[in-house]
Colleague: 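Quick one: the structure is below, questions incoming.
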Amino acid sequence: MSEDSTPRLRDLLRQRSVTGRVDVRDDVQRALPSGLRIATAYSWRLLVIAAALGVVIWLVMLFKILVIPLMIAILLTALLWPAFSVMLRARWPRWLAIVVALLGTVAIVGGLLWLAIWQITQQWGGVQARTVAVWGELQQFLIEGPLHLTPTQITDLLDQAGTFLSEQGELLKSGAIAVGSTFGHVATGAVLTLFILLCLLADGGGIWAWTLKLFPKASRPAVDAAAQNGWATVINYARTQMLVAFIDALGIGLGAFLLGVPLAVPVAVLVFLGSFIPIVGAVVTGTLAVFLALVYNGPWIALWMLVVVLAVQQIEGHILQPILMGSAVKVHPLAVVLVVAGGALIAGIPGALFAVPLAAFVNVAAVTINSGAWRTGADPDGDYIWRTVPRARRRSRR
């Protein structure tokens, strides 16, 4: 065999070996059912997406002391933006608009807290007296009711409860350092939130322009249009949610006042603040109002208080929200429950607070990109999880 034929023979054997492996692989692929091949293709892609989401969630939890102030600052910016933009359009200096917006917010929140504290101090004596009376009635029920407890047994139960609390004292002491650390985190988060809020109001456009440069140049128009639509959605959601929270607080607080339930103003303040957490906040604050009525006014007033709470929430959910939002924000109850529950499981109260606006932002941004509406600036055509683009905005683009 000549020297020239040896390399050719080696190349021929290598090619035949490779071709054989390819043929075997193709035979295996053809032998698999098409449904199994499609399911496998979906499965490994879903696993990659789940792994990426898991890494993102892990990073968010790791840097929560930074992420939570950032999200709070963004939501506060969305709440302040309508009034802030009106002042800017009226040619106010930006620094003056920032000062007025911040001081106005502090004045409103401070006024609500002052009203709550003022009513608590005014009715504290009556609340204490009623508490003593309710405790006496409870003791009388335990003695004369179906349990037929004796005063000695009641005293023993109280002693056991006191012993249990004293045994937990060491746990409380051991957690003092953790509590101090939590207070330190809260203080740091508050300062960081204020700083981010000032930066967003002062130079939000410049910050977004710099952020946009992080994306590839070809994708910047799509990302910019998606973010603009998403930001408009968050602003509209925050503005409408504030109005809804005010109506809930006014209705439940006024009902508590007319029924003679104590601490009506603090209850209204809690309802206002709790309404920013969809579903969960309204249920918890409404339950608190009914509980106060039950303890201090008896079961019949508590029943009427429950009627008031349910009536306010039903009117707000089925009449006021469609009128206030129109087709601007139609949030399906199932979607709200799922995203709020998921956010609460992942990040507790902050997760429940930010779940709906974050999901609305992602929803509109994704539809804007997928529909190709970013090329023309028209309203994106597609099926939203819920429609969150303001009606006036859609008409202005046509």
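All figures in this text were calculated on a predicted structure; none of them were measured in a lab.
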Colleague: Are Ile72 and Met242 connected into the same hydrophobic cluster when the rule is that any two of I, L, V, M, F, W, Y join if their side-chain heavy atoms are below 4.5 Å apart?
Modeller: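 Shared cluster, yes.
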Colleague: Do Val191 and Phe195 come within less than 4.5 Å of each other through their side chains, counting heavy atoms only?
Modeller: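 Contact flag for Val191/Phe195 side chains = no.
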Colleague: Mind telling me whether Trp114 and Trp118 have parallel, tilted or perpendicular rings, with 30° and 60° as the class edges?
Modeller: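 Trp118 vs Trp114 ring planes: parallel.
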Colleague: Same cluster or not: Leu353 versus Ile65, using hydrophobic residues (I, L, V, M, F, W, Y) connected whenever any side-chain heavy atoms lie under 4.5 Å apart?
Modeller: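 Yes: a chain of side-chain contacts under 4.5 Å links Leu353 to Ile65.
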Colleague: Drop me the distance from Met87's CE to Leu96's CG, to the nearest 0.5 angstrom.
Modeller: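 Taking CE in Met87 and CG in Leu96, the distance rounds to 7.5 Å.
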Colleague: Check which hydrophobic residues are tied to Val109 through side-chain heavy-atom contacts below 4.5 Å, counting indirect links as well, and list them.
Modeller: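 In the cluster with Val109 are Leu113.
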Colleague: Using links of under 4.5 Å between side-chain heavy atoms of ILVMFWY residues, direct or through other members, which residues join Leu53 in one cluster?
Modeller: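 Its cluster mates, by chain and number, are Ile49.
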Colleague: For Leu201, is there any backbone N or O sitting under 3.5 Å from a side-chain donor or acceptor partner on Arg94?
Modeller: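 Present.
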Colleague: Mind checking the OG1-CG spacing from Thr77 to Leu198? Nearest 0.5 Å is all I need.
Modeller: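 Spacing of OG1 (Thr77) from CG (Leu198) equals 9.0 Å.
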Colleague: Under 4.5 Å between any side-chain heavy atoms of Asp248 and Phe272, yes or no?
Modeller: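 No - every pair of side-chain heavy atoms lies 4.5 Å or more apart.
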Colleague: Please give the remaining members of the hydrophobic cluster of Trp208, linking ILVMFWY side chains under 4.5 Å, ordered by chain and number.
Modeller: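 Reading the cluster by chain and number, Trp208 sits alongside Leu212, Phe215, Val223.
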Colleague: Spell out, as yes or no, whether a donor-acceptor pair under 3.5 Å connects the side chain of Arg239 to the backbone of Ile235.
Modeller: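 No, because the side chain of Arg239 does not come within donor-acceptor range (under 3.5 Å) of the backbone of Ile235.
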Colleague: Would you say that Phe354 contacts Leu75 through its side chain, given a criterion of any heavy-atom pair below 4.5 Å between the two side chains?
Modeller: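 They are in side-chain contact.
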Colleague: To the nearest 0.5 Å, tell me how far Trp92 CH2 sits from Phe84 CZ.
Modeller: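 CZ of Phe84 is found 11.5 Å from CH2 of Trp92.
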Colleague: Checking side-chain contact (heavy atoms from CB on, under 4.5 Å) between Ile252 and each of Val290, Val267, Leu270, which is the one that passes?
Modeller: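 Of all the options given, the one that passes is Val267.
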Colleague: Check for a donor-acceptor pair, side chain of Asn370 on one end and backbone N or O of Ala366 on the other, with a separation under 3.5 Å.
Modeller: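 Yes.
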Colleague: How long is the straight-line distance from CD1 of Ile301 back to CG of Leu306, given to the nearest 0.5 Å?
Modeller: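 The distance works out to 12.5 Å.
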Colleague: Could you state whether Leu250 and Leu273 fall into the same hydrophobic cluster, counting links through intermediate Ile, Leu, Val, Met, Phe, Trp or Tyr residues with side-chain heavy atoms under 4.5 angstrom apart?
Modeller: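 Both belong to a single hydrophobic cluster.
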Colleague: According to a hydrophobic-cluster definition based on side-chain heavy atoms being under 4.5 Å apart (Ile, Leu, Val, Met, Phe, Trp, Tyr only), do Ile196 and Leu66 belong together?
Modeller: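 Shared cluster, yes.
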Colleague: May I ask whether Leu259 and Phe257 are part of the same hydrophobic cluster, defined by side-chain heavy atoms of I, L, V, M, F, W, Y residues being less than 4.5 angstrom apart, directly or through others?
Modeller: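 Per the 4.5 Å side-chain linkage, Leu259 and Phe257 are not co-clustered.
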Colleague: Within a strict 4.5 Å, meaning less than it, do heavy atoms of the Thr193 and Leu76 side chains meet?
Modeller: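 Of all side-chain heavy-atom pairs linking Leu76 with Thr193, at least one is under 4.5 Å.
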